[in-house]
Amino acid sequence: MPTLQKSNPPEATLPPGEQEKPKGQPQLLRGMKDILPPDEPYWIAVRHEVEDVAHRAGFQRIETPILESANLFMRTVGAETDIIEKEMYTFVDKGGDKVALRPENTAAVARAYLEHGMAALPQPVRLFYISPFFRHDRPQAGRYRQFWQLGFEVLGDAHPVVDAHLIYLAASLYRPFQVPVTIEINSLGDQACRPAYVRQITEYFKARKNSLCEDCKRRLQKNPLRIFDCKVADCQAVAQDAPQIVDHLCEQCKEHFIRVLEYLGELEVPYALNPRIVRGLEYYTRTVFQIYEETAAEGTGQTDLGGGGRYDDLLEQLGGRPVPAVGFAAGVERLIIKMRERQFVPPPPAPPEIFLAQLGELARKKTLKLYDVLRSLNIGVAESFSKDGLKPQLEVANRLGVKFALIIGQKEIMDGTILIRDMESGIQEVVDYKKVVPEIQKRLAKTNGPPSRGMVKGGEPPRATDGIPAP
């Protein structure tokens, strides 16, 4: 069997879209990515860790639709942000509604909270997701036009310890993958203190307008805070000496920020103050933070892995009552790139324990029934139903590393028996077909401990071990 090559390495030999393509052969759209079988162990490891951290911390999963009203994001993310102006995929559907492929999830989660009456639930409501999103961005390593994010949101609690706990959870997600991170954190204040600061930096940037790029000149008129997000070197140099918002916080915001930092210290989360962090979305208030790789692997640069903050005004902006909230999101593809750079080896999937081999059409039908019963008992079972010869089937069993092979041929059909072959010793034993399931459970228990008796798909209990029809 040919081996699938690893897909989408962090460093491509040619830039995306410039690889040679056979004429007439369908190709990926620019900025999209296939997740192939060699990639999947990394994705499984990330999913399992996210789910484990979330469930242990009392978070429940939410999945919002990929399609939302475009107005939802235009009202919340900010009409002048790059996401809305340049990156969001929007179109008019057949019903005449302007819809968008979701570019982020906080606004969608807030919409779901209001629409489904979650304010009536015990507060706070803790939600998490690991989902695909879409932005028409410039493709590069770790950044795709369909990309996956993991995210945690806490709605209904304004206490600063909630901010610190969420940041702690964000940082802890990277520890099992040997990716050390640090948090850069800032406070944006609120509607009581931010307007005066915005007026001050507007005057500051106006006096240096000639040094700003064209985009930042436009931002200066609409949202001068976004100048801090600009990646142009001249704009960064101007922003470096701008007044800092932490020096202009009101007493309530200052107290909130100090307590967040104190709690982070108690949790021993590594962090650094960065007054230039504003996060590019307009719904943030008070705490904002970015997650960075603490020390880059040799030969690589430091990577922005994710970020988040508090958005206490968002739900009221969507028409609900005021609900304090805080959340973060992080890129899954970027995390997997860092896992590979640091040579993290994801745990392999559990190998099958049993292999079913058959000779002849009647035996094939019999193994199909046995296969179903074994799977219903959560016993890992493999097969090669389409193969006819015993030798090629046992070669597959050897390659998979199973403990036992169950073999049915014409003689076994006539006798009502089955062969149990110990794949390590090669010893074979004839067993009554009706007794094969309890016998194989007993043998597996000697090596694995008691077999798992979980629920069968659909919620049905496992079947009785003697429930195999007689031959």
Side-chain angles (χ1 to χ4, degrees), residues 37 40-41 43-45 47-49 51-53 55-56 176 345-360 362-387 389-471:
E40 188 61 16
W43 288 81
I44 291 172
R47 288 190 197 104
H48 283 179
E49 181 63 22
E51 290 170 356
D52 184 62
V53 169
H55 291 150
R56 288 175 183 271
V345 179
E353 300 168 297
I354 303 297
F355 187 89
L356 296 183
Q358 38 70 35
L359 290 168
L362 288 177
R364 180 178 286 115
K365 292 177 181 178
K366 191 65 64 180
T367 57
L368 285 170
K369 179 63 178 176
L370 181 55
Y371 175 81
D372 180 49
V373 172
L374 292 171
R375 286 193 69 251
S376 75
L377 295 169
N378 294 329
I379 295 174
V381 57
E383 44 67 36
S384 286
F385 289 138
S386 62
K387 295 186 184 298
L390 182 60
K391 182 179 178 180
Q393 292 182 71
L394 292 181
E395 287 175 349
V396 174
N398 271 320
R399 187 167 66 249
L400 292 174
V402 299
K403 296 170 183 174
F404 301 100
L406 304 182
I407 305 170
I408 304 178
Q410 296 302 314
K411 184 177 186 305
E412 288 72 33
I413 291 289
M414 298 294 295
D415 296 344
T417 61
I418 190 169
L419 284 176
I420 299 180
R421 178 184 177 93
D422 187 310
M423 294 301 293
E424 184 175 350
S425 66
I427 296 174
Q428 296 185 163
E429 183 178 348
V430 178
V431 176
D432 187 311
Y433 180 79
K434 291 182 180 179
K435 299 178 180 178
V436 65
V437 173
E439 177 62 26
I440 207 67
Q441 286 181 312
K442 182 175 69 175
R443 296 190 183 202
L444 290 175
K446 289 181 180 179
T447 56
N448 299 346
S452 171
R453 295 297 300 271
M455 297 298 287
V456 187
K457 183 178 180 181
E460 300 173 355
R463 303 170 200 178
T465 55
D466 61 352
I468 305 174

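- The pair Arg364-Glu383 does not count as a salt bridge, with every side-chain nitrogen at least 4.0 angstrom from each carboxylate oxygen.
- Counting only heavy atoms from C-beta outward, the side chains of Asn398 and Met423 approach each other to under 4.5 Å.
- Checking each of Ile413, Thr367, Leu370 against Ile418 for a side chain to side chain contact (heavy atoms under 4.5 Å, CB included) leaves exactly one that passes, namely Leu370.
- Side-chain contact between Leu406 and Ile420 is present, with at least one heavy-atom pair separated by less than 4.5 Å.
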Starting from the C-alpha separation in whole Å, work towards a yes-or-no answer on side chain to side chain contact (heavy atoms under 4.5 Å, CB included) for Glu353 and Ile440.
CA-CA 10 Å; Glu353 300 168 297; Ile440 207 67; over 6 Å; no
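- At least one side-chain heavy atom of Asp422 sits under 4.5 Å from a side-chain heavy atom of Phe404.
- One N or O on the side chain of Glu412 and one on the backbone of Gly409 form a donor-acceptor pair closer than 3.5 Å.
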Under the criterion salt bridge (charged side-chain N to carboxylate O under 4.0 Å, His left out), I'd like the reasoning laid out for Arg443 against Glu439: C-alpha separation, chi angles, the key distance, then a yes or no.
CA-CA 6 Å; Arg443 296 190 183 202; Glu439 177 62 26; 2.7 Å; yes
Could you walk me through whether Val430 and Asp415 pass side chain to side chain contact (heavy atoms under 4.5 Å, CB included), step by step?
CA-CA 10 Å; Val430 178; Asp415 296 344; over 6 Å; no
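- Put simply, the side chain of Val396 reaches to within 4.5 Å of the side chain of Lys387, judged on heavy atoms.
- Counting heavy atoms from C-beta outward, Gln393 and Gln358 have side chains that approach closer than 4.5 Å.
- Put simply, the side chain of Lys403 reaches to within 4.5 Å of the side chain of Leu444, judged on heavy atoms.
- Here the shortest heavy-atom pairing between Phe355 and Ser384 reads CZ-N, 3.7 Å.
- Put simply, the side chain of Val381 does not reach to within 4.5 Å of the side chain of Val402, judged on heavy atoms.
- Between Trp43 and Pro346, every side-chain heavy-atom pair lies at or beyond the 4.5 Å cut-off.
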